[in-house]
Amino acid sequence: MTKTFLAISILSMALAISACGTGGSGSSGDSGGDVPAPPTPNGSAEILFPSSNAGASAPSITVSGTASDPDGVSGVTVNGVAANLAAAVATSAASKPTAQAGPVANAVRNDTQVEWSAEIPLAGGDNEIEVVVTDAAGSVTPIANKASVSYVEVPIYFTLDPNSTRIVGLTQRSATNPVQSLVEYNYDTGEQVVYDEYSDNASHSCFRPFENDLVYLTIDSSLTWSVRKFNLTTRESESLASLPSQYLELDANHRAGYIREFVCGGTNSSAYLLVTFVGQGGGMYTKSRVVELDLASNSFSVLAETPPAPAPQLAVYDISLDDDMIVGMYDISPQRPLVGVSLTDGSLMELTPGLNAGGGELHAATTSGLVYIATYDGIEIIGLDPVSKQSVSQVGPDDPYVFSQIRDMDLDATNDRVIVSDSALEMLIAIDLATGERSDFRSRRIGSGISLVAPREFEITADGRKAYIFDDGGNASERLFEVDLGTGDRVEVGDVNRTNNEIAHGIALDEAGRRVFVAFRDSILEVDLDTSTVRTVADVRFSALESISDILFDPDTGRLFAIDVPTGAVYLVDLPSGFAGVVSQAGVKGSGPEFEALVTSDWTETGEAIFVGDQASGNIYRVDLETGDRQQIPNACRDENSNYQEDLMEIRYNPAGNELLIIEDSMYALDLDTNQCSVMSRSGGFLSVLPRSNGQIFVTVFGALGQYDPVSGELVTISR
């Protein structure tokens, strides 16, 4: 007899006795018995995706996990949304059934453990996720588990509205932000508005606050450029004009033309395109053309272009529109004087004769006689009359707001600051012009500390609480980070900077020994996690190693293995001496095929062997660490892409599915039991992947550590 039936029977008997004692009048009185208390809720749930305190990239997210109850799970809701249920693999000998929506199937109703998933909407900012579990007796565990996820959009290409406290612009597509969105953000109230009606993918854009129009460029498969606009009031878009090809035509001295910038704004009735041309010899551009689009007639004309020397030159890298002129800036190197283009007649003038200026982005305010330039060192304020230069906000490479990839810039004159966007950080950074202080204006930052830029390799502790990530730094220093996976906080450990922006080719964690090994082509470093001291374990100059491509550490035996490209071998590295002894190499030790160019490796399910991936052949091998024998693994994933071997980056063993996760142009899963290949993600952008035994999959992408859900295809940010 179930608890439910027993409770109902006792209650019925009590009611019958009560009715007899009162003549069926229904009046109150001693029933002669006690009604038992309802059963105690004892359901539990685990949220596997997303990890708590993660950052989402869309206004909805699919939350998934497991739930259990000794009386059987009959239902799970996530923030009030009924979840789809399926019998958990661990509690069923059969294959996993299809998740049931709506009424729960009896097979699932009686399971004491289930897997569940539910898609829930997200509001801008922080969102609390609460999981409710109901058992077969109807008992409810109100908060079986909970997590927090934030949803923030950051317009990388943007305009500050001078008449209000809003910023409007477009996000940049990336691995963690797969859709370009039109966003309005009120920096006074913190309110975020995402215009779902905008569905284009703009190559360049500008915003006209007085018309509330976003004007933007798109390009189709026939390489035709079109100008469109989206009105934020009506939420409607329309086509304005197509750019005639003549404005991109080359001459005999140039071989390629690019649209570099598209500017509009203020009360100006025109928009302007900057087209740059590269000379026949290649290298830097040597010619520029400013094309004017009259927004009243939607007609094009050439406003100005680079004239023959020695007239003022217009081979510029960037332009900014002011009330009566366009200001042009040359590239970072070589720097040259700023140039002005008259909006009236297109005439050119040197604005800073004798003073060179260059950087990543500029904003002109010629009515006040100033031009602001964002450089990778700081902000330069250029005076036009008289000509002068002042540098502010110079920060070091350890500053959490150091620029990595500058994309846009605007002036907030009311608050005496400039706002700079950085696409690698997916952040808007505010710089106080009086003090030079930098602060987070708008970002998708998760956790504190120096931002991730290019996190190439990483490992996670056995308890899933910390990650160790090598970041090659892009334009900044190389670093080894310790990341708290609960908060996203980042702390630099040791000094692994090689001063030449090298890419790490392997990382290995020794938890018991409190150390991390980092492999470069020419050496292996050991970082002590307690003292942050760094020592060289192996150097190719003094060992059999020639060019290291990956390393693995065996925590059970304390052995460090390295794979080497030129020698086609797997080595055992003696940690005290750095001596490298052959474990497997054709003609030296072990039987089987000869390796050509090993680039990646991981442990097998037993730990007695390793998997290695060969980029030259695209083959994957199993290497026995005792005998050195090499066995090729059947690999159906090679058939998915004809360029597979050139793109092979990484293989990782996934214990949850007895499969190999393979990263190349996409991410594939190779089932080791059936040799079936499935595409896990075609979005690309993953630098590294690490699956865990509970089914979670963590990845690194440019700028972030993330968690990937292969079922929904969604990616959340864990640390940025």
Non-hydrogen atoms of Ser242 and Pro244 that approach each other most closely: O-CD, 3.2 Å
Can we say Arg166 and Asp161 salt-bridge, meaning some charged N sits less than 4.0 Å from an Asp/Glu carboxylate O? yes
To the nearest 0.5 Å, what is the distance between CD1 (Ile326) and CG (Leu343)? 5.5 Å
Check whether the side chains of Ser443 and Glu426 place a donor and an acceptor atom closer than 3.5 Å, and report yes or no. no
Mind checking whether His363 and Tyr372 have parallel, tilted or perpendicular rings, split at 30° and 60°? tilted
Could you pull out all residues at least two apart from Asp324 that satisfy side chain to side chain contact (heavy atoms under 4.5 Å, CB included)? Thr366
Taking the six-membered ring for Trp, are the ring centroids of Tyr187 and Phe441 within less than 6.0 Å of each other? yes
Would you indicate whether the side-chain heavy atoms of Ile259 and Leu274 approach each other to under 4.5 Å? no
Between Arg521 and Val565, is the side-chain contact (heavy atoms from CB on, under 4.5 Å) condition met? List the steps. CA-CA 9 Å; Arg521 288 286 189 199; Val565 178; 3.8 Å; yes
d(Leu370 CG, Gln390 CD) to nearest 0.5 Å is 9.5 Å
Spacing of Ile718 atom CD1 and Tyr708 atom OH [to the nearest 0.5 Å]: 15.0 Å
When Gln394 is tested against each of Asp399, Asp377, Ile379 for side chain to side chain contact (heavy atoms under 4.5 Å, CB included), which residue passes? Asp377
Aromatic Phe481 / basic Arg490 pairing, under 6.0 angstrom, 45° off normal: no
Can you check whether Val316 reaches Val339 side chain to side chain, under 4.5 Å on heavy atoms? yes
Please check this pair: side chain of Ser150 against backbone of Gly125, looking for a donor-acceptor N/O pair closer than 3.5 Å. no
When you measure from the side chain of Ser288 to the backbone N and O of Thr276, does any donor-acceptor pair fall under 3.5 Å? no
Are the side chains of Leu428 and Val154 in touch, meaning some heavy atoms are under 4.5 Å apart? yes
For the residue pair His204 and Trp225, does the interplanar ring angle fall in the parallel (under 30°), tilted (30 to 60°) or perpendicular (over 60°) class? tilted
Taking the side chain as every heavy atom from C-beta outward, state whether Met349 and Pro312 have any atom pair closer than 4.5 Å. no
Applying side-chain contact (heavy atoms from CB on, under 4.5 Å) to Glu197 and Glu236, what does each step give before you reach the verdict? CA-CA 7 Å; Glu197 296 83 357; Glu236 295 178 347; over 6 Å; no
Answer yes or no: does atom CD of Glu437 have more than 12 heavy-atom neighbours from other residues, nucleotides or ligands under 6.0 Å? no
Do the numbers put Arg260 on top of the ring of Tyr317, so that NZ or CZ is under 6.0 Å from the six-membered ring centre and no more than 45° off the axis? yes
Of all residues at least two apart in sequence or in a different chain, which pass the side chain to side chain contact (heavy atoms under 4.5 Å, CB included) check with Asn356? Gln335, Pro337
Side chains of Thr600 and Glu650: donor-acceptor distance under 3.5 Å anywhere? no
Over all atoms of both residues, closest heavy-atom pair of Ala430 and Ile419: CB-CD1, 3.7 Å
In terms of the angle between their ring planes, are Phe520 and Phe470 parallel, tilted or perpendicular, with boundaries placed at 30° and 60°? perpendicular
To the nearest 0.5 Å, atom CG of Asn231 lies from atom CZ of Arg208 at 11.0 Å
Any donor and acceptor pair, going by atom type alone, linking the side chain of Ser181 with main-chain N or O of Val194 inside 3.5 Å? no
Gln192 side chain vs Glu153 backbone, donor-acceptor pair below 3.5 Å: yes
Report yes or no: do Thr171 and Gln180 form a side-chain donor-acceptor pair below 3.5 Å? no
Provide the closest heavy-atom pair for Leu314 versus Tyr330 in the form atom of the first, atom of the second, distance. N-OH, 4.0 Å
Are Glu191 and Tyr185 close enough that a side-chain donor and a side-chain acceptor fall under 3.5 Å? no
For Thr233 and Asn212, test the side chains for any donor-to-acceptor distance below 3.5 angstrom and give the result as yes or no. yes
Atom of Ser404, atom of Ala424 and distance for their closest heavy-atom approach: OG-CB, 3.6 Å
Are side-chain heavy atoms of Thr159 and Val168 found at a separation under 4.5 Å? no
For residues Tyr216 and Tyr198, establish whether the separation of their ring centroids is below 6.0 Å. yes
Keeping Thr352 on the side-chain end and Leu338 on the backbone end, is there a donor-acceptor pair under 3.5 Å? yes
Testing the basics here: between Ala304 and Val341, what is the closest heavy-atom pair and its distance to 0.1 Å? CB-CG1, 3.8 Å
Beyond-backbone contact of Met325 with Ser342, side-chain heavy atoms, under 4.5 angstrom: no
Could you give me the CA-CA distance, side-chain angles and deciding distance for Glu380 and Thr375, then say whether side-chain contact (heavy atoms from CB on, under 4.5 Å) is met? CA-CA 7 Å; Glu380 291 186 352; Thr375 75; 4.1 Å; yes
Leu217 and Val227: which non-hydrogen atoms are nearest, and at how many Å? CD2-CG2, 3.4 Å
For the residue pair Ser451 / Arg720, report whether a side-chain donor-acceptor contact shorter than 3.5 Å exists. no
Side-chain donor or acceptor of Gln615 paired with backbone N/O of Leu648 under 3.5 Å: yes
Check whether Ser205 reaches the backbone of Val215 with its side chain - one donor and one acceptor, N or O, closer than 3.5 Å. no
Answer yes or no: is there a side-chain heavy-atom contact under 4.5 Å between Arg442 and Ser421? no
Val275 pairs by side chain to side chain contact (heavy atoms under 4.5 Å, CB included) with which of Leu243, Val291, Val290? Val291
side-chain hydrogen bond (donor to acceptor under 3.5 Å, both in side chains) for Ser393 and Arg438? Distances and angles first, verdict last. CA-CA 7 Å; Ser393 192; Arg438 301 188 184 193; 2.8 Å; yes
Taking atom CE of Met409 and atom CG of Leu160, what is their separation to the nearest 0.5 Å? 11.0 Å
Under 3.5 Å, is there a donor-acceptor pair between the side chain of Asp213 and the main chain of Leu232? no
Determine, step by step, whether Asp471 and Arg479 satisfy the salt bridge (Lys or Arg N to Asp or Glu O under 4.0 Å) criterion, reporting the C-alpha distance in whole Å, the side-chain angles of both residues, the deciding distance to 0.1 Å, and the verdict. CA-CA 5 Å; Asp471 192 313; Arg479 293 184 171 91; over 6 Å; no
To the nearest 0.5 Å, what is the distance between CD1 (Ile662) and CE (Met680)? 11.0 Å
Will you find, in the side chains of Tyr401 and Asp440, an N or O donor that is under 3.5 Å from an N or O acceptor? no
Can you tell whether the side chains of Arg417 and Asp412 come within less than 4.0 Å, N to carboxylate O? yes
Passes side-chain contact (heavy atoms from CB on, under 4.5 Å), Arg289 versus Lys287? Steps please. CA-CA 7 Å; Arg289 177 182 294 153; Lys287 177 180 179 178; 3.8 Å; yes
Looking just at side-chain N and O atoms, do Thr165 and Asn186 make a donor-acceptor pair shorter than 3.5 Å? yes
